[in-house]
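Since the structure comes first, as structure tokens, the remarks are kept for the end.
These numbers were taken from a predicted model, which means no experiment stands behind them.
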Amino acid sequence: MDSERCNVKLSVYPSRGLVDEKFTVLVQKAPPGFQMTIHALHQSEDGNSLEAFAHYTADACGTINLSEDPSMGGTYVGVEPMGLLWSLKPAPGSKPGIRLSKKNVQTPMEFTISVYKGHQTEGFVDQVQLACVVVERWYMAPGVRRVPITEGGLIGVLFLPPGSGPFPRVLDLWGGGVDLLETRSALLASHGFASMTINYMDPFRKKAETTEAGKIVNNQYFETALRVLQQHPQILSSSIGMLGLSFGASVTFKMAAYSDVVKLKCAVCISGSHVQPVDGSVADLIEYCTKNASKIRVNTDNQVITRDLLLPIPTDPTMKVDVGRVQCPLLLIVGEDDQNWPVSESAQDIKEMMERAGNSHLLTILSYPNTGHLINPPYSGHVLVSTFVIECINVDLWGGEMVAHCRAQEDAWRKILVFLMENLFVHNSANTSE
């Protein structure tokens, strides 16, 4: 064991990078045919731990390369260069149902990659490591700046890329179960976009306790956010896009179709629907869902399925966004096994509406089989179920199958970045005199 421990060399390159950047894991100087387990461990900010592991056998040169060699067992199988991240699961003793997440984006996520003798499946804390490396993964690239936003009654954070600008801008909206999540905006800024995320659910919850019932969170609230972005001296005022997930996609649909204050250059809607009271606020959409609560299903595992809340897709024009009014490129990201929103049915109706209106040339639909609702940036894992809170606590079923969902996240994120670059950076280069 001592000689094997001395000889085995583990390297991870790059050991420091962005969360959406692939790394290469390489084991060298092992005995030919030597069986090893490669293990990843991450301690989250709340003290819980996640782990992943895979079984490999060294080749004739005593080498294992995770970018080329297949795992024969563990939390994933096959050739999966980033499987040690996207297959992370709660470690023994940690809280069930936790997932890979980050609140403080100004510090890195750290992962300890280790090599163990033999094909192990448990008890890693009691095993002797043959080698280990700590790697860092960041949402904020060097030089990205984080600016808290409180103007106009907003609660938000703006991330600015390195340099003086001007930068194209993106308003980034998460879904209904999140108050303020900064990860995606920080990552967008790391790719050159000035990105602002805002808390629109906490103001709703506070107002919902009053007679106004959350009416404050309406189109004007989001237009205020767009104005704040527009007025920043380092931001290109003519080049703005929106990106929304779930409830955030509902808002994005409305702004793309109806806002007279700011005309979007492009919009990305992930796992969302255009079905909503057209003249209503966030509170009105939640109230509409609440009235349809009889359509909620609960499976044998007591997991809540809410995709039927908006079905059938209404024909009443006051109950769905008139996407025929959209005048900018629109990208829809659809998980075909989404158990939260009827995204496939919504995408089909949007396609038909835009074909009738003559603006379907602006529409791109990326539809992914066996993919669930929470389509996040790559290597963040697959969330099948989690606790979800708006007006009550549920254990929601999001859908999807792990490998297919994680591959969809990687493909969708790459294409989202290309879409934003094509539609925002083109305008940036054409209007640098502004």
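If you take CE on M140 and OG on S185, they are separated by 11.5 Å, rounding to the nearest 0.5 Å. Note that the NE2 atom of H382 and the CG atom of L384 stand 5.0 Å from one another [nearest 0.5 Å]. Note that CD1 of I350 and CG of L330 are 6.5 Å apart. Values are rounded to the nearest 0.5 Å. Put simply, CG on L226 and CD on Q231 are 11.0 Å apart, with the number rounded to the nearest 0.5 Å. To the nearest 0.5 angstrom, E151 atom CD is 9.0 Å from L158 atom CG. Atom CG of residue L362 and atom CG of residue L331 lie 12.5 Å apart, to the nearest 0.5 angstrom.
Between Y221 and Y200, the distance from one ring center to the other does not fall under 6.0 angstrom. Ring-centre distance between F159 and Y139: not below the 6.0 Å cut-off. For F247 and W341, the distance between ring centers is under 6.0 angstrom.
L160 has its side chain out of reach of V144: every pair of non-hydrogen atoms, C-beta onward, lies at least 4.5 Å apart. Proximity of M242 to L173: side-chain heavy atoms (C-beta onward) are separated by under 4.5 Å at one or more points.
In this structure, T290 contributes its side chain and I286 its backbone to a donor-acceptor pair below 3.5 Å. One N or O on the side chain of T107 and one on the backbone of N104 form a donor-acceptor pair closer than 3.5 Å. Within the 3.5 Å criterion, the main-chain N or O of Q120 finds a donor-acceptor partner in the side chain of T37. Although no hydrogens or angles enter the test, the distance criterion places a donor-acceptor pair under 3.5 Å between the side chain of Q339 and the main chain of D337. Not one N or O on the side chain of R325 forms a donor-acceptor pair closer than 3.5 Å with the backbone of Y258. Panel note: side chain K295, backbone L311; a donor-acceptor pair is recorded below 3.5 Å. Looking at S67, its side chain never comes within 3.5 Å of a backbone N or O of N65 through a donor-acceptor pair. Not one N or O on the side chain of D172 forms a donor-acceptor pair closer than 3.5 Å with the backbone of M196. Within the 3.5 Å criterion, the main-chain N or O of L18 finds a donor-acceptor partner in the side chain of E21. Side chain of N199 to backbone of G156: no donor-acceptor contact under 3.5 angstrom is found.
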| message | Run D349 and H274 through side-chain hydrogen bond (donor to acceptor under 3.5 Å, both in side chains) and show every step you take. | response | CA-CA 9 Å; D349 191 61; H274 61 318; 2.8 Å; yes

| request: Carefully, step by step, assess E110 and R16 under the rule salt bridge (Lys or Arg N to Asp or Glu O under 4.0 Å). | output: CA-CA 9 Å; E110 293 185 345; R16 186 179 192 272; over 6 Å; no

| task | Dump the intermediate steps for side-chain hydrogen bond (donor to acceptor under 3.5 Å, both in side chains) on Y379 and E410, then the final yes or no. | result | CA-CA 7 Å; Y379 320 131; E410 184 174 359; 3.0 Å; yes

| message | Walk me through whether S271 and L374 qualify under side-chain contact (heavy atoms from CB on, under 4.5 Å). | response | CA-CA 7 Å; S271 304; L374 297 179; over 6 Å; no

| task | Please report the C-alpha distance between D411 and R407 in whole Å, then the side-chain angles of each, then the deciding distance to 0.1 Å, and finally whether the salt bridge (Lys or Arg N to Asp or Glu O under 4.0 Å) criterion is met. | result | CA-CA 6 Å; D411 185 75; R407 288 178 178 163; over 6 Å; no

| message | side-chain hydrogen bond (donor to acceptor under 3.5 Å, both in side chains) for T197 and E182? Distances and angles first, verdict last. | response | CA-CA 7 Å; T197 184; E182 302 177 15; over 6 Å; no

| side-chain contact (heavy atoms from CB on, under 4.5 Å) evaluation trace for K265 with C328 | CA-CA 5 Å; K265 295 296 184 182; C328 67; 5.7 Å; no

| said: Could you walk me through whether S246 and H373 satisfy the side-chain hydrogen bond (donor to acceptor under 3.5 Å, both in side chains) test, starting with their C-alpha distance in whole Å, then the side-chain angles of each, then the deciding distance to 0.1 Å, before giving a yes or no? | reply: CA-CA 8 Å; S246 192; H373 183 72; 2.9 Å; yes

| task | Output, in order, the C-alpha distance, side-chain angles, deciding distance and verdict of side-chain contact (heavy atoms from CB on, under 4.5 Å) for Q348 and E352. | result | CA-CA 6 Å; Q348 180 61 33; E352 293 172 0; 2.9 Å; yes

| Audit row: E422, L420, side-chain contact (heavy atoms from CB on, under 4.5 Å) steps and yes/no | CA-CA 6 Å; E422 288 177 345; L420 293 173; over 6 Å; no

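In this structure, C406 and G381 approach most closely via the heavy-atom pair SG-C, 3.9 Å. Residues A40 and L88 approach most closely at O-CD2, 4.0 Å, considering heavy atoms. Taking all atoms of both residues into account, the shortest heavy-atom contact from T75 to A52 is OG1-CB, 3.5 Å. In plain terms, the two heavy atoms of A404 and P369 that are nearest each other are CB-O, 3.9 Å. For the residue pair V278 and P317, the shortest heavy atom distance occurs at CG2-O, 3.6 Å. Nearest heavy atoms, V383 versus R99: CG2-CD, 3.3 Å.
Between D338 and R307 there is no salt bridge, since none of the side-chain N atoms of the basic residue sits less than 4.0 Å from a carboxylate O of the acidic one. Note on K351 versus E355: salt bridge recorded, some NZ/NE/NH1/NH2 to OD/OE distance being below 4.0 Å. Salt bridge absent: E45 and K103 never bring a charged side-chain N and a carboxylate O closer than 4.0 Å.
A donor-acceptor contact under 3.5 angstrom links the side chains of D20 and W413, judged on distance only. At a cut-off of 3.5 Å, with distance as the only test, no side-chain donor of D301 or N299 sits close to an acceptor on the other residue. With hydrogens and angles left out, the side-chain atoms of Q234 and R145 include a donor and acceptor closer than 3.5 Å.
Considering F111, F124, Y56 as possible partners of H39, the one that fulfils the ring-ring contact (aromatic ring centres under 6.0 Å, His included) test is F124. Checking each of V334, L332, I333 against S367 for a side chain to side chain contact (heavy atoms under 4.5 Å, CB included) leaves exactly one that passes, namely V334. Partner of Q230 under the side chain to side chain contact (heavy atoms under 4.5 Å, CB included) criterion, chosen from I235, I240, V262: V262.
More than 12 non-hydrogen atoms from other residues, nucleotides or ligands lie less than 6.0 angstrom from NZ of K263. Within a 6.0 Å radius of CD in E136, more than 12 heavy atoms belonging to other residues, nucleotides or ligands are found.
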